[in-house]
Number of protein chains: 2
Amino acid sequence: MDRKTSPPRPVTVADVARRAEVSKATAARVLGGYGPVSEEVKLRVQAAAKALDYRPNELARSVSTGKSGTIGIVVGDIENAFFGIAVRSISDTAHRHGFNVILANSGEEVEAEKAALKVLVGKRVDGLIVTPADNRTIAHLRDIVRSRRPLVLFDRPIEGLAADVVATDDRDAAFAATMRLVAAGHRRLAYVTALNAEPPVFTGMEQLYTSSVKARVDGFLAACRAAGIDGPERGICLAGSAPAGQQRASIERLLSGETPPTAILASDSLVAFEIFKAARTLGRGIPDDLSLVSFYDAEWTSVTTPPISVIDQPVYDMGTQAAELLIARINGASPPARHCVLPTRFIERGSIGAPRRMMAAI
Amino acid sequence: MDRKTSPPRPVTVADVARRAEVSKATAARVLGGYGPVSEEVKLRVQAAAKALDYRPNELARSVSTGKSGTIGIVVGDIENAFFGIAVRSISDTAHRHGFNVILANSGEEVEAEKAALKVLVGKRVDGLIVTPADNRTIAHLRDIVRSRRPLVLFDRPIEGLAADVVATDDRDAAFAATMRLVAAGHRRLAYVTALNAEPPVFTGMEQLYTSSVKARVDGFLAACRAAGIDGPERGICLAGSAPAGQQRASIERLLSGETPPTAILASDSLVAFEIFKAARTLGRGIPDDLSLVSFYDAEWTSVTTPPISVIDQPVYDMGTQAAELLIARINGASPPARHCVLPTRFIERGSIGAPRRMMAAI
DNA sequence: CTCCGAACTGAGACCGGTCTCACACTACAT
DNA sequence: ATGTAGTGTGAGACCGGTCTCAGTTCGGAG
């Protein structure tokens with residue numbers, strides 16, 4: 001009967017070894033499950049470990065093996081359901097393969113992203129999954145690649161970076177959705193994204209510092225041009241994200257302009273949410289006064305009146321895919337950088353209508 | 001000009017020391033920022049570190065200091081927006097205090113929770129924030145407390161466990177919300193939660209294995225009794241969670257019964273979401289045929305027609321609070337276990353109406 | 001001019017694991 | 001009997017940091 005006094009100093013292999021009356025090496029073999037040990041000794045050590053309530057110190061293990069059994073995730077914002085599910089999916093897959101997950105939030109800011117990466121590398125994660133906040137400053141990502149630490153870019157490719165990528169067919173999806181709006185008769189289209197810009201006006205593609213958004217805008221513009229709409233760039237609205245208030249203001253300004261758009265493509269579900277609320281506040285009916293399509297099939301989009309048409313992204317699959325690519329590489333695979341593009345699915349609901357005549361003019 | 005060959009073996013203090021022509025101890029002092037070092041040597045070491053692109057190995061640091069600078073979070077389900085925000089808030093607060101976060105998902109299963117805890121303890125996290133999945137099996141949590149590792153229970157208190165708790169006034173909130181429904185004239189009330197039970201029928205309080213739900217049901221029943229409603233237990237529906245299909249089925253069964261409830265209090269926003277959809281599918285109008293109130297002010301609840309009345313829980317604050325309690329303890333504070341109860345707020349929207357006469361009868 | 005203490009530095013132990021190696025000891029072929 | 005392959009074990013180096021402790025150097029006080 002051993003008394004259960006709480007040990008202030010955690011139990012180590014040496015403690016177990018002493019109790020089992022074997023050498024530290026032998027105890028370590030049993031506890032670590034690696035060397036050849038006789039059945040009898042094994043049992044004795046296990047008993048000792050149990051009696052002392054031994055808990056292996058994974059950190060010490062990692063420092064001597066060089067593997068941490070951990071993968072790092074850096075996302076823009078966990079609050080965003082899109083990333084929430086991605087994290088869920090990545091962590092499910094990771095656990096299935098015996099890995100753990102350290103999570104970091106960049107808040108879509110490069111500096112935070114850099115800091116997070118530094119910490120994760122410091123913790124010697126075996127690999128990284130990152131949604132890069134800004135494709136203009138990527139030196140820190142280059143460093144990761146150079147140091148040969150497996151890296152998977154999630155949702156946002158970066159050209160010229162030799163890392164695996166899991167993303168969706170953003171350009172095509174945006175193109176198709178825009179075409180759908182055009183087919184409904186719209187000529188005054190807007191694309192609204194949460195990107196920040198100073199001043200908050202679209203002046204050119206080089207402003208679009210997250211690659212997925214860039215691809216989407218590209219698809220949007222291409223569709224507009226294909227439809228013979230001129231000056232579609234004017235419809236691009238960088239609504240900003242930082243303080244929520246600012247985004248709402250941008251959106252209300254967009255909707256209250258002299259010639260407001262009759263149809264909007266929203267870059268993510270948070271923006272779409274703001275648009276939906278703004279439309280309601282301003283008394284614009286959907287789909288009569290305004291047609292709306294959003295990226296990502298967020299929960300709320302299916303229960304509004306009318307429900308919102310969306311471009312569904314297979315987030316869960318994306319996460320699984322990303323984790324699997326990463327883990328394969330961690331386990332030694334080293335094919336050239338792969339670029340996985342997963343297909344999106346257009347879900348038509350009730351938010352698309354024909355533009356009103358009076359508004360359709362000009 | 002040092003050529004930038006990628007070093008397969010990461011750079012260590014010893015490498016830096018060699019290059020700076022000082023002892024390992026001195027280099028470590030500079031790099032770790034702890035001992036007295038002359039300005040000149042400091043610069044030399046820093047230069048060497050930079051040239052070699054030295055990245056401190058936090059694991060090694062942790063194993064010798066005994067502190068990991070990391071806190072572990074175990075939540076039921078990150079996909080759930082409630083937990084998403086909690087995680088966000090905890091990780092924000094943690095970073096502010098120089099801590100990192102390791103995340104684990106229990107999927108609301110005790111076994112997974114145990115496993116997660118084991119891993120986190122293995123990684124020597126400095127403290128833990130946990131939403132216990134089941135208050136009937138808590139030996140593993142007891143172990144944590146016994147080992148003196150700081151632990152904060154999030155959202156779900158466990159009686160008799162000497163750990164800090166951050167939760168909301170669940171009983172009061174449920175009581176008040178129920179009273180509101182009663183005041184609207186309802187006599188056939190239901191409380192729907194995602195808990196699993198075999199068979200899926202409510203037989204007694206001891207079935208309610210998550211403490212927050214227990215408190216809420218308690219409040220619900222108390223309110224019903226106060227209103228003189230008899231047999232309110234019959235209104236308690238354990239809809240289950242595991243396969244989503246099962247939950248929906250339970251809810252549809254509840255709504256299609258002979259004497260369906262005229263008002264429902266939903267235990268979380270996911271359940272409410274299912275109820276909302278089921279009501280729509282079955283052609284029950286809200287609030288005419290059915291009044292609905294949900295715990296947690298999820299995004300979607302404000303944009304439905306009608307919008308849903310909710311019991312708003314200050315999740316972000318709860319997270320911050322939990323993280324702060326934990327960090328205080330990690331930093332040495334050791335007051336007796338505290339129980340922080342944060343107030344909820346009832347947000348009345350359009351989902352509460354009077355019961356129809358014909359349905360109100362009996 | 002000596003002595004004392006403060007400031008700096010290096011040697012080496014230590015944290016808790018892994019892992020290499022040498023040394024039994026057995027067992028079986030020669 | 002000897003060779004030899006194989007198994008189990010212990011001693012101790014190692015991983016990459018921290019930290020103690022014993023010098024060394026230097027300035028200023030006595």
Side-chain angles (χ1 to χ4, degrees), chain A residues 7-46 48-49 52-70 118-119 121-126 147, chain B residues 7-46 48-49 52-70 118-119 121-126 147:
Chain A
R9 203 178 52 79
V11 181
T12 72
V13 196
D15 298 328
V16 176
R18 208 168 303 126
R19 167 141 187 164
E21 299 182 300
V22 295
S23 73
K24 184 185 155 199
T26 302
R29 273 191 274 262
V30 177
L31 269 13
Y34 51 90
V37 202
S38 71
E39 200 55 27
E40 187 240 326
V41 169
K42 181 185 274 178
L43 291 174
R44 220 163 67 221
V45 171
Q46 283 167 344
L52 296 173
D53 190 29
Y54 167 76
R55 311 285 189 102
N57 184 333
E58 299 292 344
L59 297 178
R61 186 169 286 174
S62 296
V63 65
S64 74
T65 58
K67 319 234 122 270
S68 64
T70 303
K118 194 168 157 185
V119 172
V121 168
K123 290 204 181 295
R124 297 296 188 263
V125 293
D126 293 334
S147 72
Chain B
R9 203 180 50 81
V11 180
T12 72
V13 198
D15 297 328
V16 175
R18 208 167 305 127
R19 167 139 185 164
E21 299 182 300
V22 295
S23 73
K24 184 186 155 197
T26 302
R29 273 190 274 262
V30 177
L31 268 14
Y34 52 89
V37 202
S38 72
E39 200 56 26
E40 188 239 326
V41 168
K42 181 185 274 179
L43 291 175
R44 221 163 69 219
V45 171
Q46 283 167 342
L52 296 174
D53 190 29
Y54 168 75
R55 311 285 189 100
N57 184 331
E58 299 293 343
L59 298 178
R61 186 169 286 174
S62 298
V63 64
S64 73
T65 58
K67 320 232 120 271
S68 65
T70 304
K118 193 168 158 189
V119 172
V121 168
K123 289 203 182 296
R124 297 296 189 262
V125 292
D126 294 334
S147 73

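Treat the numbers as computed from the prediction; the structure is a model and nothing was measured. Letters A, B, ... mirror the listed sequences (proteins, then strands); counts begin at 1.
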Separation of [N] [atom2] from [X] [atom1] (nearest whole Å):
X: B:Asp15; N: D:dC15; atom1: CG; atom2: P; value: 10 Å
X: B:Leu52; N: D:dG16; atom1: CG; atom2: P; value: 14 Å
X: B:Leu59; N: D:dG17; atom1: CG; atom2: C1'; value: 10 Å
X: A:Arg124; N: D:dG17; atom1: CZ; atom2: C1'; value: 10 Å
X: B:Glu58; N: D:dG17; atom1: CD; atom2: C1'; value: 10 Å
X: A:Leu31; N: C:dC19; atom1: CG; atom2: C1'; value: 15 Å
X: A:Arg18; N: C:dG16; atom1: CZ; atom2: P; value: 11 Å
X: A:Glu21; N: D:dG10; atom1: CD; atom2: P; value: 11 Å

Using the closest heavy atom to pick a nucleotide of DNA chain C for each, name whichever of A:Gly32 or B:Lys24 lands nearer the 5' end.
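Final value for this comparison: B:Lys24.
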Let me spell it out: for each of B:Val22 and A:Ala28, pick the nucleotide of DNA chain C with the closest heavy atom. Which residue's pick is nearer the 5' end?
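The residue mapped nearer the 5' terminus is B:Val22.
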Considering only [options], which nucleotide approaches the side chain of [X] most closely?
X: A:Ala25; options: C:dT9, D:dG8, D:dG10; value: D:dG10
X: B:Thr26; options: D:dT9, C:dT9, C:dG17; value: C:dT9
X: B:Ser64; options: D:dG17, C:dT9, D:dG10; value: D:dG17
X: A:Asn57; options: D:dG16, C:dC8, C:dG17; value: C:dG17
X: A:Thr65; options: C:dT18, C:dT9, C:dC15; value: C:dT18

With sugar-phosphate taken as primed atoms, P, OP1 and OP2 and all else as base, the protein-contact string of nucleotides 21-26 of chain D at under 4.0 Å (heavy atoms; B, S, -) is ------
Quick one: is [X] getting a side-chain N or O under 4.0 Å of the [N] phosphate, OP1 or OP2?
X: B:Ser38; N: C:dT9; result: yes
X: B:Tyr34; N: D:dC19; result: no
X: A:Thr12; N: C:dC15; result: no

Kindly indicate, with the supporting measurements, whether the criterion side chain to side chain contact (heavy atoms under 4.5 Å, CB included) is fulfilled by B:Gln46 and B:Leu43.
CA-CA 5 Å; B:Gln46 283 167 342; B:Leu43 291 175; 3.8 Å; yes
Output all residues satisfying side chain to side chain donor-acceptor pair (under 3.5 Å) with [X], sequence neighbours left out; order by chain, then residue number.
X: B:Ser23; result: B:Thr26
X: A:Thr70; result: B:Lys123
X: A:Thr12; result: A:Asp15

Residues pairing under salt bridge (charged side-chain N to carboxylate O under 4.0 Å, His left out) where one sits in residues 52-69 of chain A, two or more places apart or in two chains, turn out to be A:Asp53-A:Arg55, A:Arg55-B:Asp143, A:Glu58-A:Arg61
Can you pull the salt bridge (charged side-chain N to carboxylate O under 4.0 Å, His left out) pairs that have at least one residue in residues 32-44 of chain B, sequence neighbours excluded?
B:Glu40-B:Arg44
Between protein and nucleic acid, restricted to nucleotides 4-7 of chain D and to nitrogen or oxygen atoms under 3.5 Å apart, what atom pairs and distances do you find?
none

Bend angle of the helix from C:dC1-D:dG30 to C:dT30-D:dA1, from helix axes over five pairs at each end, nearest 10°:
60°
Taking all atoms of both residues into account, what is the closest heavy-atom pair of [X] and [Y], and its distance?
X: A:Ser68; Y: A:Ser62; result: CA-OG, 3.4 Å
X: A:Ala49; Y: A:Leu31; result: CB-CD1, 4.0 Å
X: B:Tyr54; Y: B:Val11; result: CD1-O, 3.4 Å
X: A:Pro10; Y: B:Arg124; result: CB-NH2, 4.3 Å

Can you list everything that forms a side-chain contact (heavy atoms from CB on, under 4.5 Å) with A:Val63? Sequence neighbours excluded, please.
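If we apply the side-chain contact (heavy atoms from CB on, under 4.5 Å) test to A:Val63, skipping adjacent residues, the hits are B:Asn57, B:Ala60, B:Val63.
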Atom OG of B:Ser64 and atom CG of A:Leu59: how far apart are they, to the nearest 0.5 Å?
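Answer for the OG-CG pair, B:Ser64 versus A:Leu59, is 10.5 Å.
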Please classify the nucleic acid contact of B:Val63 as base, sugar-phosphate, or nothing, using heavy-atom distances under 4.0 Å.
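Base: the residue B:Val63, judged by heavy atoms under 4.0 Å, touches a nucleobase.
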Identify, with sequence neighbours excluded, every residue that meets salt bridge (Lys or Arg N to Asp or Glu O under 4.0 Å) alongside B:Asp126.
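Not a single residue meets the salt bridge (Lys or Arg N to Asp or Glu O under 4.0 Å) criterion with B:Asp126.
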